[in-house]
Amino acid sequence: MLLIECPHCGPRAETEYAGCSEAHIARPESGGLDMTDAEWVEWVFWRKNTKGVYLERWNHAAGCRRWINCMRDTVTNEILATYKAGEKPPKIADAEREYKF
Amino acid sequence: MSQKFRLESGGLINRDKPVTFSFNGHELKGYDGDTLASALIANGVHLVGRSFKYHRPRGIMSAGPEEANALLQLGEGAYTEPNARATMEELFDGLVATTSNAFPTVKYDIGEVNSLFSKIFVSGFYYKTFMWPSKAWKFYEHFIRKAAGIGKAPEEHDPDFYDKTNAFCDVLVVGGGPAGLSAALSAAATGAHVTLVDDQPRFGGSLMAQSGQEIDGKPALEWVDEAEAKLHDLDNVQVLRRATAFAYYDHNYVGIWERLTDHLPVKPEGLPRHRVHMMRAKQVIIASGAIERPLVFCDNDRPGIMLASACRTYVNRFGAKPGNKGVIFTNNDSAYATVLDLIDAGIEIKAVVDVRKDPLGPLMEKADAAGVKILTNSAVVGTSGRLHLKSVEVAELSDDGETAKSDVTEIACDFLGSSGGWNPTVHLHCQAGGKLDFDEERGAFVPAPSNRTNPNISVGSCKGAFGLADCLAQGFEAGQEAAKAAGIKFRKSGKAPTAEAVDEGNRRLLWLVPGKKPLGQSGKHFIDLQNDSTAADLQLALREGYRSIEHVKRYTTTGMATDQGKTANVNALAIVAQTLNEAIPTVGTTTYRPPYVPVTFGAIAGRDIDDLLDPARTTPMHSWHVNAGAEFEDVGQWKRAWYFPQPGEDMHAAVNREVAAMRNSVGILDATTLGKIDVKGKDAAEFLNRVYTNAWTKLGIGKCRYGLMLGEDGMVMDDGVTSRIAEDHFLMTTTTGNAAPVLGHLEDYLQTEWTDLEVYLTSVTEQWATASIAGPNARALLSELTDDIDLSNEALPFMAWTPGTVAGIPARVFRISFTGDLSYEIAVPADYGLALWQALMTAGSKYDITPYGTETMHVLRAEKGFIIVGQDTDGSITPVDLNMNWIVSKKKGDFIGKRSLDREDMSDPNRKQLVGILTDDPKEVLPEGAQLVEVVKDKPPMDMVGWVSSSYWSPNCDRSIAMALVHGGLKKMGQKLYSPQADGRVIECTITDTVFYDKEGNRQNG
Amino acid sequence: MKNRYSIFSLIRNAFSYHQEWPPAWRSPEPKKSYDAVIVGGGGHGLATAYYLAKNHGMTNIAVLEKGWLGGGNTARNTTIIRSNYLWDESAKLYEHSVKLWEGLSQELNYNVMFSQRGVLNLAHNQHDLRELSRRINANRLNGVDSEFLNPEEVKKFCPAIDLRGGGRYPVLGASLQRRGGTARHDAVAWGYARAADELGVDVIQNCPVLGFESHADGSITINSGKGPIKAGKVGLVVAGHSSVIADMAGFRLPTESRPLQALVSEPMKPCIDTVVMSNAVHAYISQSDKGELVIGAGADAYISYGQKGSGHQTEHTLAAICEMFPQFRRVKMMRQWGGIVDTNPDASPIISKTPVANMFINCGWGTGGFKGTPGSGWTFADLIASGEPDDMNAPFKLDRFKTGYLVDEHGAAAVAH
Amino acid sequence: MDNFMRQGPLNDLGLVGRTSEDNAQVTMGDGGRPMVVNLRLDPANKAAMKAVATLVGVDLPQKANYFVEGKETEVHWLAPDEWMIVSQNMEGNELVSKLDEALDGVHHSAVNVSDNFAVITVEGEKARALLQKAIPLDLHPREFHTGMSTQTHAAKTNVILQQVSDAPFYKLYVRRSFSQYLWAWLESGSIGFGLAISS
Ligand SMILES: Cc1cc2nc3c(=O)[nH]c(=O)nc-3n(C[C@H](O)[C@H](O)[C@H](O)COP(=O)(O)OP(=O)(O)OC[C@H]3O[C@@H](n4cnc5c(N)ncnc54)[C@H](O)[C@@H]3O)c2cc1C
Ligand SMILES: NC(=O)c1ccc[n+]([C@@H]2O[C@H](COP(=O)([O-])OP(=O)(O)OC[C@H]3O[C@@H](n4cnc5c(N)ncnc54)[C@H](O)[C@@H]3O)[C@@H](O)[C@H]2O)c1
Ligand SMILES: Cc1cc2nc3c(=O)[nH]c(=O)nc-3n(C[C@H](O)[C@H](O)[C@H](O)COP(=O)(O)O)c2cc1C
Ligand SMILES: [Zn+2]
C-alpha cells in the first residue's frame, strides 16, 4: 500500500485515496464542440501511460476530498512530489526518468 | 522408544517439562523448548515423509524455515493444518502430527512406484505426453492431481480467529540474532520508535545453535538475555517473538505474521491464533541471517542427510543427536564448528569429507588437532540406506573437481551433515526492490545498497558478514544510521558490542559434486528436495533450449515449492551458469517474492470476514422492516426492503398484493437510500446545466426536475430528481448505488475543470430519511399528518416541493413520483425516520396503507416505462437510445457527454433502443436478461437483436410487461420478436412503446 | 514434426539418459530482414507467428522478445479460460479461441493441459442474477455453452463453496460454462514457440525493440537490442508495454497499464475441482494440477510497470476467499506476484491497423487475455497477412473510440479474468 | 417536536443495559446526537472567517487535522475550505440560518448534518490499540494526540476521528448507515481486551 502525502492532510495510506488518473489534461474549454471527433476522443480516451515519471492525480476521498497531483515513478513507485490541484508540477532534478522498454 | 537420541544434558530445552505428542499415531515424548523436528530427532525418528514426485523416503534436513522435507499434517478435523514445517513448529502437549504424502504408511508407500518410472518421469514429462487420445487429458489429470499436492486442506469451517493491525515505527529491525539485537539496541538508544521482530520463540538467532561464543566478554546467550531485557524495559521499543516479516511492499510497508497460540497446548480464550501487523516503517534494518547451502551430491536426499549447521543446532539448542556416527561433508571452514560441537557432545565423527585441496581455517585446524579424520580433495559420491542413511561412499576428486576417482571408500554412518557455504537471507531486501551483488569469493549474493522507494539497510550475515564481530558492529552502525534517516535527533553515544573476530578460512566452490557415473545415469543429485528436481533435470532443460534461469525454474519447478528454493535456488543457478559456461551473476537469480514463508490466509484476511467483509448499510426504518418480516435485497452496500410477504405468501403473491394496494389506496416505500447532494452557490444552476443533459436555469424555486447525467463518453451514468431550494441552492438526488461516485465526479469538475464556478457540494444522503407514499389516498393520508402544508394541486403541483411539518416533524415534502401515481416523498432528519414511518402507518391504517419494497416499486415504475439506471442501461446506452431525446437540450452549449453524442456511430439508427415488449401470451413473463431474435433457427448461433432489461407481471395491466433494448427498435413498433429459452421454448412477443399504464399520466397529477 | 513428443519418445530417450532431446526451439541470431516481425514473445505474439506460418505460409518471419519467452503476463496469469462473454463480437472471438484450445495440445504436439473442469461465476444479489441471465442467454444463442445453476446445484457442482458466503455474500446462483477451465500457462508459450520454430519462424529472445523507422517503400526498420532488423510488416503484441511501444512508433493509445496480482497457496491434495469466480467479492480461485490454489486478485488503481502490487489487494482477496471457503482460512499463501495488464476504456482488446503503414497492433486484453491466446494469434495473423480487417477482428479496431462503437465488456471483464 | 421521537442509529444495538466485561481495558459507547453543521467557505476571505468566528465563539482552525474548542462550540478542520461545527447550544438549522445571515453575500455553504452521523466513543488503556487495528494512520501520541481531528477510514467506513483527551478518549464520527457495521467491527477487534459499554 503506497504512502501518498496529501498536500493538505499529510502522508496518508493509499486506501484513503480513490480514482487515480492522468493529471494536467485539461478539458477543452469549448467542451470539444469545436473539435473533430479525433481531437475530442484524444482528450476523452488517449492517455500517456508513461513508463517512468508520471504526473497523476488522486482524490483524497477518505480525507479532505480534494483532488491532488502526484509525481510518481511508475516503475519503482518512488513518489518524487505531491502538490495541489491547479498547481504546476515542481521542478525536480531527476524527474525526467523514462524507461526505454 | 524414549528419546534415545537425546543428549544427557545441554540445550535450551526445559527438561523439567516433558511433553507428550503423537506422530503417525505413535505417542512420543519431548521437552518444552523442542520443535516438532527436534523432538522427532531426539526420538530417533528419521523418516518423516515422502517426496512430492518420486515418493522417496525423506527425513528432516534443516532446523529452520528452509525445511524442504519435513512438511507434516498438524492437528485434526477443523483444526488440521497442511504442510507444517516440523522445524518451525514448537512442541506442545497433545500435538498431533502425521506424514503428508504417503499411503498407506510412510514406510510402505505405494506412491514409491513412481520411483521406478523416474527414468521417464523427468522434467517436462507432462508436456510431452498424455496427449492421446485427444479427449483423455481429464482422465489422466484425475490421477495426476490425486498424486500431486502435499498435505490435505481442512474440510471444516476454521474455528479459530485471526487479528490484524496497522502498525508504525521509525525503525523496524527484522531478526533478533546478534546483528539485529545490536541494531535494535543502538536505534533504541537514540529515542527512535523501534520494533524488533524475530520468527523464533526466543532471541539470539544462530547464537542459540553455537557454543562458546562471547559478546562483550560474556557468554553470548547471557548477552542476548540482557539485551532483550533492556529492550523490553524501553517505552520506545516493541518486541515481537514468533513474528515473521513475510512481505515487504513499497513505501516500507512490511507485513509481519505473529503466531500467538500455535505453541500452546490450551489456547487461551480471547487470544487470536495469529496476528498480522501491517507495519509502515520509516526505516527498515534487515538482520535476517544466512541459510546454509547444501552440497549437491549423488543421492543426497536420504533420511539422515542434513545441513551441517542443522546438526549443530540440534545438538546445541535442543540437546538432540542427529545420529550416533556421522560424516561431515564440506567445502568451507564453518562446518568444523559442527564437527567440534558434535565431538564434544560425544557423537562419533567418522570422517570429515572436505572438497578443498588444502583446507585452511582455524576451526579445521582445531578439529585436525583433535584427531578428526579429514579427507581432503574428496567428495561423497554416493549414499545408501533406503529408509535411513547407512553409509556414504567417498572418493578423491579430479583436479578440476568435475569427476571423482574410481577408488571409492565406503563409510558406515547414520547421518551426514553437508555444508556448501552460506546464502545471505536477502529475500526481504529483494522484495523491496533491492539489487544483489555477487561475492565471487564466497559464492554468495549479497545486498547492494537499497533504493529510495524503500529505505532499508541489511546487516550481519544477511549482508554477507559471517563473523560475529562484524555482525555486531554493522548492527550498531545501522541502528544509528536508520534512526538518523528516520529524522530522529540524537547525539551519537555508546559503542558497538564486541566479539572476537575469527578468520573464515578458505573455500572451494564445487557446485555440482561428481558421482561415480555421469550425471543422471545412476542415482540422483537433488537440487530442490521438495519438488524432486535434480541437477540432471536442470541440464536437460538447458539442452532443450530452456536457457533463461526463469525458464529453467518453470520447466523443472526448481524453487517453486513451499520453501521457495531457500536451499535450492543458488545451487541451481550456479549449476546452470556452469553448464552454460556463463558467469553466475549473468545468469542471475529468479525473483524473490512475498511471502518469505507461507502465511495463513486467515491471518492475512484478519477481521474482514463473515459479516465484517463489507458494511451492510441500513436505513433508520430498517428495524421496522425486519419486524414486519421483510425480505431484503442488496443494492450496493445497502439492505433494501425487497417485499413484505405475509404468512403464506411467496414473492409473486406479495408483490401483486402490494402493487394493487398502492394503485387502489396507498402504499409506503422506504426511499432513504437514494443519494442526496446539497448544491449551493451562485453558479449552482449553471453547474447543473453542465452536468445534466437538460436545462436548469429556469427551474423555479420550489420546483423539481428530473435529470440525466452522462459520462464524457456520452453514456448514461446516473439520473435523479433535483429540487430548487433557493436561487443559489439545489438538492440533487442520485441512484442508490451511485451516490459516492456521482459526488466524486461532480467534485472532480468543480475542483479541477471549472474552478471559477462558485458552487459547494455537501453530501446529505444520510441526513434525511425518506418515506414515499403513493396512491389515490396519498393526499388524504398526508393531510391528516400536516396542518401547515397546502396539499392542493395548485399549491403543491406535481414536480414541486415544500417545507412543512409532518407528524410534528420538520420535513421537506416532494410531490414527485416514480410510480406514476399521486405520490409524496417526505424527507425528515434521519433521526425521525422511524417516527415518521410509524406515524404514517398509524394514520394510514384506515386506508389500509401497505408497505411495499423495491420489487413492487420496480413493477410500478415499469408500468409507467420509467428506466432504472444500471438495469435498463449498462454503460453503453445514450439518452437517444433510451428515446429520451426530450431531455437532451439542443439549445444549451456544452454539457458533460454532449460532444461524444455527436460522434459518427452514435447516431446510427440501428443502435440498441429502449422499447416496450408485450408477450403474445399475456400470462407469460419474459425472464429478465432474455435475448430477442427476429428469426428463430433450429440451433444456435442465432442473430440477436436485443435483450430484455426489465420484465414483470403487471397486476394493473393484468398481463406481463417488459422493456428491452432492441437494435433500431424505435422504428420497429408492432414488429414480432422471439425469445428462445434455455428449455427450448420460444416466447413470442411484439414491440410496443414503453408506457403500459395510464398513458395520459392522469394518476400522478392526482 | 521432426521430434514428436509422446510416451514412446520419452521411453526411447530414457535409454540414452535423456541426453538426445533436441532443443524445443533454435536460438538464432536475427537475420537482416524479414517479411514480418512480431514484437513481443508472449503467448499472443508466438501464436500470431505460428498462425502466420501455418495459415498464411509466411515463414520468413521472426518474433522479437526483450526477455524470455512467455515471461510477461503469460507467466503470471491465473489461467482461466472461458468464452462466456456478453457481446456477440467478443463471444465470437473468445469462442473461436476455446475451440482452438480444445485441440491445441494435439495441434502443437505439446501438452498445454487444457482442462475443461468448468467455470462458475457466482451471483450474490438480484443485480448479479439479472446480469447473469442476460449473459447466459446471449451465450447460448451465440452457440457458447452456458447454463444457470441454482444454489443447490452450485453446491453439488462445487461442494467446497459456502453458500452462506460467510454471511455477507450468500450465493444466489451461478452461471456455469462446462467447457471452460484452465491450462498450463507456460506450456502455451513454449508449445507455440516450438511449433512456430518448427515452421521456420525465428524466435529471438533477449532482443528488446527500441524504436522504428518507416521507409518510403512501406518497410520498417526495427531498431533492436541486436541491431537493426528490416521488416515488411510489423505486429506489436507487447501487452502491458503497448503504450511504450506505440510511443516509439509515434502513435497513441487509450490503453493504461496497471498491476494485477495473483497468488498461490501451498500445494494440497485435490480440494476444489472447478474454477470459481465472484465479481462481487472480487476473487477467483482454482486448483492447479500441482495442487496449489491459484487465486486472482483485483488490479491496483494506479499505473505501474513494476510487476508487483500493493499489499492491500492481497488482503482483500484473501478475505474474499475466506468468505467463500471458510475452510481455507488455515491454508497458507506460498507466493504472490503481479503482472502489468493493459486495459482499454471498454475492457475489450484492440486488434487493428495503426496510423503507421504496415504496422499492426494487438493489445488491451487486460485482465483476461490468456484465454484469448489462440484466437488472438489466429485473427491477428489474418489481419497482418491480408492487411485488412475481417469479420472477427473488425469490431476491435482502434478507430472505434473515435466513432463510438465500443465493445463494452465491463460487465463481463472489468472484474478481472 | 418530541425528543423521544428521535432514534439515533446506534439505538438498535441495545447498548443500554448491556453488561461490561470484568477488567475491561477499553470502553465503547454511543456518543449521542450532537448538533453538527458542515461549513464550506474560502479561508482567504478574512472578514467572513471573522464573522463566523464571532458567531460560533472560536476561530475556524486552519491547521490541518486539528479541532478547536470554544465555550459552546467545537470546530473541526475537514479540508482547506471545509469545517465541521459541533454546537452545544444551537440546533443545526438554527446555526445554519445564523451562518447564512452572517455570511450573506459571501460564497459559502452551511448544511445541517446533525443526523448524518453516529458518534462512537472509544476510551481506555487499549483504545488506541483497538483503533489502530481499523485505522491506517499512526495514532501514537507523537503523531496523533489530544486536540487533533481528521478524516480517515476505519475498516471499510469513512470516519472523522477526534482525540478528545489523553485518557485516551476518542470520538469517531461515522455516517449513520455504516455505524452498526463499524461498531461490530470494533467490538470484534476488542476481543481479548475486555469491553465495557459506557452509558
Ligand atoms: C495476475 C494476472 C492474472 C490473469 N488471469 C487471467 C486469467 O485467469 N485468464 C485470462 O484469460 N487472462 C488472465 N490474465 C491476462 C493475461 O495474462 C494476458 O491478457 C495475456 O497473457 C496477454 O498475453 P500477451 O502474450 O499479449 O502478453 P505477454 O505475455 O505479457 O507478452 C508480451 C511480451 O512482450 C514483450 N515486450 C514488451 N516490450 C517489448 C519490447 N520493447 N521489445 C520486445 N518485446 C517486448 C514482453 O517482454 C512480453 O514477453 C491475467 C493477467 C494477470 C497479470
Ligand atoms: N561461520 C560462518 O560462516 C557463519 C555463517 C553465517 C552466520 N554465522 C554466524 O551467525 C550469526 C549471524 O548473526 P545475524 O544476526 O546476522 O543472523 P542470525 O542468523 O543470528 O539471526 C537472524 C535471525 O533473524 C530471524 N529471521 C530471519 N528472517 C526473518 C524474518 N523474515 N522475520 C523474522 N525473523 C527473521 C532468524 O530466525 C534469526 O533469529 C553470527 O554469529 C555469525 O557469526 C556464521
Ligand atoms: C498458474 C500459476 C501457478 C503457479 N504456481 C506456482 C507454484 O506452484 N510455485 C511457485 O513458486 N510459483 C508459482 N507460480 C508463480 C511463479 O513462480 C511466478 O511468481 C510468476 O510466474 C511470476 O513471475 P515472477 O515472480 O518471476 O515475476 C505460479 C504462477 C502461475 C501463473
Ligand atoms: Zn487530504
Side-chain angles (χ1 to χ4, degrees), chain B residues 81-83 119-120 122 127-131 134 141 144-145 148-158 249 520-521 540 544-545 548 550-551 554 562 593-595 598-602 604-605 608-611 613-614 633-634 875-876 903-906 928-931 940-942 944 947, chain C residues 5-7 10-11 14 17-18 21 23-25 68 71 105-106 110-111 115 125-126 130 133-134 137-138 140-143 166-168 186-187 266-271 289-291 310-311 315 318-319 321-323 326-337 403-405 408 410-411:
Chain B
E81 177 187 343
N83 306 341
K119 284 246 159 55
I120 51 170
V122 290
Y127 302 129
K128 292 180 176 138
T129 181
F130 296 125
M131 286 178 273
S134 65
E141 197 186 24
I144 291 167
R145 284 168 82 88
I150 306 176
K152 289 198 189 70
E155 288 173 4
E156 293 164 53
H157 195 311
D158 187 352
Y249 301 110
Q521 295 197 7
L540 172 62
E544 293 199 77
S548 154
E550 298 289 0
H551 278 163
R554 288 163 175 82
T562 66
R593 295 277 188 189
V599 175
T600 317
F601 283 6
I604 296 172
D608 296 338
I609 49 167
D610 298 332
D611 285 344
L613 179 68
D614 205 23
E633 165 181 34
D634 284 350
S876 71
R903 282 177 299 162
E904 191 178 318
D905 286 344
M906 303 296 267
E928 281 172 355
Q931 297 284 339
M942 287 179 234
M944 287 166 268
W947 60 282
Chain C
Y5 288 161
S6 71
I7 187 72
L10 268 161
I11 293 169
Y17 305 104
H18 300 283
W21 286 109
W25 48 77
W68 41 286
S105 295
Q106 291 71 32
Y110 204 104
N111 189 353
S115 169
N125 57 42
Q126 298 306 312
R130 263 195 303 270
S133 153
R134 178 181 175 197
N137 281 313
R140 269 192 317 103
L141 295 184
N142 269 321
R168 187 66 186 83
D186 293 328
E266 299 185 309
M268 294 174 300
K269 294 294 174 198
C271 54
D289 287 340
K290 260 173 65 228
S310 285
E315 297 175 50
L318 286 177
I321 292 296
C322 290
E323 194 82 354
Q327 71 276 29
F328 290 162
R329 289 178 191 175
R330 298 182 88 81
V331 168
K332 297 184 224 92
M333 166 166 94
M334 174 165 84
R335 186 175 175 96
Q336 66 169 119
W337 64 92
T403 64
Y405 247 126
D408 199 320
H410 276 108

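Quantities reported herein were computed from a predicted structural model and do not represent experimental measurements. Residue numbers start from 1 in every chain, and the chains themselves are labelled A, B, ... in the order their sequence lines are given, proteins ahead of strands.
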In terms of heavy-atom proximity below 4.5 Å to chain C, should B:E155 be classed as side chain, backbone, both, or neither?
backbone
Whatever's closer than 4.5 Å to a heavy atom in chain C on B:L540 counts as side chain
Could you tell me the separation between the CZ atom of C:R330 and the CG atom of B:D158, rounded to the nearest 0.5 Å?
4.5 Å
Please determine, among C:C322, C:G71, C:G311, the option with the most heavy-atom pairs under 4.5 Å with chain B.
C:G311
Let me know if B:F601 has heavy atoms under 4.5 Å from chain C in its side chain, its backbone, both or neither.
both
What part of B:E141 is in contact with chain C, defined as an atom under 4.5 angstrom from a non-hydrogen atom: side chain, backbone, both or neither?
side chain
Between B:D634, B:V122, B:T129, B:N83, which shows the greatest number of heavy-atom pairs under 4.5 Å with chain C?
B:N83
In terms of heavy-atom pairs under 4.5 Å with chain B, which of C:W337, C:F328, C:Y405 leads?
C:Y405
Are the side chain of B:R593 and the backbone N or O of C:R335 linked by a donor-acceptor pair below 3.5 Å?
no
With a 4.5 angstrom heavy-atom cut-off, could you sort out which part of C:N137 is near chain B: side chain, backbone, both or neither?
both
Among B:E156, B:R554, B:E81, which residue has the highest count of heavy-atom pairs closer than 4.5 Å to chain C?
B:R554
Against chain B, label C:N142 side chain, backbone, both or neither, depending on which of its atoms sit under 4.5 Å from a heavy atom there.
both
Of all of C:G143, C:S133, C:A187, C:G167, which one pairs up most often with chain B through heavy atoms under 4.5 Å apart?
C:S133
Test item: C:N111 and C:S105 side chains (from C-beta on) under 4.5 Å apart, heavy atoms
yes
From CE (C:M333) to CD1 (B:I604), nearest 0.5 Å:
3.5 Å
Give, as side chain, backbone, both or neither, the part of B:S134 having an atom under 4.5 angstrom from any heavy atom of chain C.
both
Most heavy-atom pairs under 4.5 angstrom with chain C, which of B:I150, B:D610, B:D611?
B:D610
Counting heavy-atom pairs under 4.5 angstrom with chain C, the leader among B:G545, B:P598, B:A605 is B:P598
C:E323 vs B:I609 side-chain heavy atoms within contact, under 4.5 Å
yes
I need the residue from B:E904, B:E544, B:M906, B:K152 with the largest number of non-hydrogen atom pairs under 4.5 Å to chain C.
B:E544
Electrostatic pair C:D289:B:R145 at N-O distance under 4.0 angstrom:
yes
Is there a side-chain contact between C:V331 and B:P154, using heavy atoms and a 4.5 Å cut-off?
yes
Using a cut-off of under 4.5 Å for heavy-atom pairs, which of C:Q336, C:K290, C:Q106 has the most such pairs with chain B?
C:Q336
Least distance between heavy atoms, C:H18 atom then C:L10 atom:
CE1-O, 3.8 Å
Counting N and O atoms only, with roles assigned by atom type, does the side chain of B:K128 sit under 3.5 Å from a partner on the main chain of C:Y110, one being a donor and the other an acceptor?
no
Can you tell which of C:M334, C:R134, C:M268 has the highest number of heavy-atom pairs within less than 4.5 Å of chain B?
C:R134
Heavy-atom neighbours of B:K119 NZ exceed 12 at 6.0 Å:
no
Hey, which of B:R903, B:E928, B:M942 has the most heavy atom pairs under 4.5 Å with chain C?
B:R903
Tell me, out of C:P267, C:A24, C:G291, who's got the most heavy-atom pairs with chain B below 4.5 Å.
C:P267
OG1 of B:T600 to NZ of C:K332, rounded to nearest 0.5 Å, is 6.0 Å
How long is the straight-line distance from CD of B:E550 back to CH2 of C:W68, given to the nearest 0.5 Å?
4.5 Å
